[in-house]
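Convention: sequence-line order gives letters A, B, ...; per-chain numbering from 1. All heavy atoms count here, side chains included; hydrogens, waters and symmetry mates do not.
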Amino acid sequence: MNALTLWFHRMGSPPTFYAFAERWRPWFLWSGLLLAVFALTWGLFFTPADYLQGESYRILYIHVPSAWMGQFVFAVMAVSGFVALVWRIKLAEIVSLASAPIGATFTAVALATGSLWGRPTWGTYWVWDARLTSTLILLFLYFGVIGLSRAIEDRRKAARAAALLAIVGLVNIPIIQYSVYWWNTLHQPSSVKLLRGDTTIDPSMLWPLLLMAVATKLYYAYSLLSRAQVMVLEQESGKDWVRRLAGAPAND
Amino acid sequence: MSLLVAPTALLQHDLTLAWRRRAEAVNPLLFALMVTALFPLALGPEANQLARIAGGVAWVTVLLANLLSLDVLFRGDLEDGSLDQWLVSGQSLPLLAGARLLAHWLATGLPLTLAAPLLASMLGLPEDAALTLLAALALGTPVVSMVGGTCAALTAAMPRAGILLALLVLPLMVPVLVFGAGAVEATLTGLSPLPALLWLASGLALALPLTPLACAAAIRISAQ
Amino acid sequence: MTAESADDRPPLIASTRLAFARGNEPIFGPIDLSLGSGQVAVIEGGNGSGKTTLLRILAGLLEPTAGTIAWRGEVREPWRPIAGDIALLAHQLGLKSDLTPTENLALVVGLSGGRAAMPIRAALAAVGLEGFEDLPIRRQSAGQRKRAALAGLLVTTASLWLLDEPYANLDHDGHDLVDRLIGMQLRRGGAVVMTSHGHFAPVALPFERLTLGGAA
């Protein structure tokens, strides 16, 4: 057994995981917040305006990292779901299940900022732009996973069903995105895109963007650990270590 | 081959059952015809206008008609203990699941595909585009049955999963819809429908080996 | 409950420290069970004691919380039945009400690999369904449906029968029928595990008893 699987197995023990999460949670939160404040200050005040879109492009510092996170979290959800189904590791089930609402929120933020950005660029809040459309479908995929997991009462069964759906979704995401781009070119693309694939981004804009990408991942780690902690407590309620945590006397 | 004995028996069983319940089996077809008839009523009978949206209308209609029949694809078997028998039999579950998905396509997807000329003439689609619609449906409806059936296996244990099932299936169906309707659109605008049809074919080639595996995993989760 | 086999062959099915819990609530276990050919085990216990759950675990439909199952001396994890080796009679009989007994049994034969231990019509006659072979299950009584499912056991070549309340819904003749079928299965070298409330244990047959739910 290599070091990684060993670590996973140790983390599979609920009290160990809970202690681990308790210890690292604040670090992820504060480093994420500080980095985000730094990157946004840089991006909003110290980078040049876009020659075409003026100041409005600056919403990109929120829109793009959120869109990245929407896809990244889906991948994490599906991969941990795969681990949960194949190796039956409880922790992977929890990671998969806990990721869904976080990823859905990031995707929703990407959609909202995208449509706000669309207002000055296109003069309307919604255009069937390929990028926005595939983000919208991603959001529906998240809703499917969340809806399925909520509809099944047995928590472990819910986690396994949601994990399988996430895997099916992950296989489909590249196909969906390709088909949406294909559809977009078939129906004459809008001349101004929010992000042009062929333009190179100025390094002065790139750095704050990359820092924001790191900051959102740190926040994700914080949020994931918090949600997982709650789920572990729910699953383990009644166990002695949970009683001790709650300050009640253990009955052993 | 001995590996195929059980799936063949299941296919035969499913088709007998579909024939016995044929009054129910034609419902998706009637639904598709009814919904298609709503469009001229809603948008006016101008043939040009209808033909322009015909590919999309036909595909959305077919997707929804499939959805209606997918809901019960595994639920009855879960409730009457048939799925337990599948699992206890020790036969390859992906092959059994594949047989069930094939039976679903034969009972639902194939009739809808064969109804394509009828749908096309209702929507005033020219002949060459109607032919493209037929080809696109022939390639796309098996994918709908396979991917939709996998989602139906996931919701089999829920007594009323209709809307949830739609939420699971429809986003996954976006590529089939885009390429299926795109093929018809391409023919209408004088382009070749071949690229879109080839994409549909490769989707089918991808779904054929993968969905029975996913469907088998879903059945195991639901049957527990 | 370990029965000594007359020979050195490993038991047909054996469980080691098998236990099941629903959430944090233990249902039963740990159970060590070993069953060779020609043996019957009766699982007894009140409602909610986990009889059906144990049977479903032995059938590979449910995963135990702890413990392992060995088939012919070989531990298999996760436990999945080998093609055609196990037949299950559950509360839900697995019959399609729109099909006839003959049509339903055709699938049973197919699922067990295509080789019927006995022709379908002969099996239906043996359980007293002569004349009802081609009448849809929907139009038959609960007892007749149960008999059709029992005929399903006869057509398979399964070496282990798992029977959940086999006497339920049957009249007196039906009880005798179940006893006769179990006797046949044992004579052909098979084994049977069944659940029972205790009222209708097979009086005519020697059997092992396994009681769930505290009284063990």
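- Contacts between Leu93(C) and chain B at a heavy-atom distance below 4.5 Å involve the backbone alone (N, CA, C, O).
- Between the side chain of Ser222(B) and the backbone N or O of Ile219(B), no donor-acceptor pair lies under 3.5 Å.
- Neither the backbone nor the side chain of Gln12(B) has a heavy atom closer than 4.5 Å to any heavy atom of chain C.
- Contacts between Leu83(B) and chain C at a heavy-atom distance below 4.5 Å are absent for every atom of the residue.
- Under the 4.5 Å side-chain criterion, counting only non-hydrogen atoms from C-beta, Leu55(C) is not in contact with Leu163(C).
- Top candidate by heavy-atom pairs under 4.5 Å with chain B, chosen from Asp98(C), Asp85(C), Leu95(C), is Asp98(C).
- Ranked by non-hydrogen atom pairs under 4.5 Å with chain B, the options Leu62(C), Leu88(C), Ile86(C) are led by Leu88(C).
- Comparing His13(B), Gln224(B), Glu79(B), Arg21(B) by how many heavy-atom pairs each has under 4.5 Å with chain C, the most go to His13(B).
- No other option in Gly152(C), Gly113(C), Gly84(C) has as many heavy-atom pairs under 4.5 Å with chain B as Gly113(C).
- Using modelled atom types, one finds a donor on one side chain and an acceptor on the other under 3.5 Å when comparing Thr113(B) with Thr141(B).
- Using a distance-only test at 3.5 Å, with no hydrogens or angles considered, no donor-acceptor pair links the side chain of Arg17(C) to the main chain of Ala66(C).
- Each of Leu96(B), Leu17(B), Thr16(B) has some count of heavy-atom pairs under 4.5 Å with chain C, and the biggest count is that of Leu17(B).
- Arg145(C) places a side-chain N or O within 3.5 Å of a backbone atom of Arg138(C) that can act as its donor or acceptor partner.
- Between Phe179(B) and Trp199(B), the ring planes are parallel. Angles under 30° get that label, and only those over 60° would be called perpendicular.
- Using a 4.5 Å cut-off between heavy atoms, Arg115(C) does not touch chain B at all.
- Checking side-chain atoms of His104(B) against main-chain N and O of Leu73(B) turns up no donor-acceptor pair under 3.5 Å.
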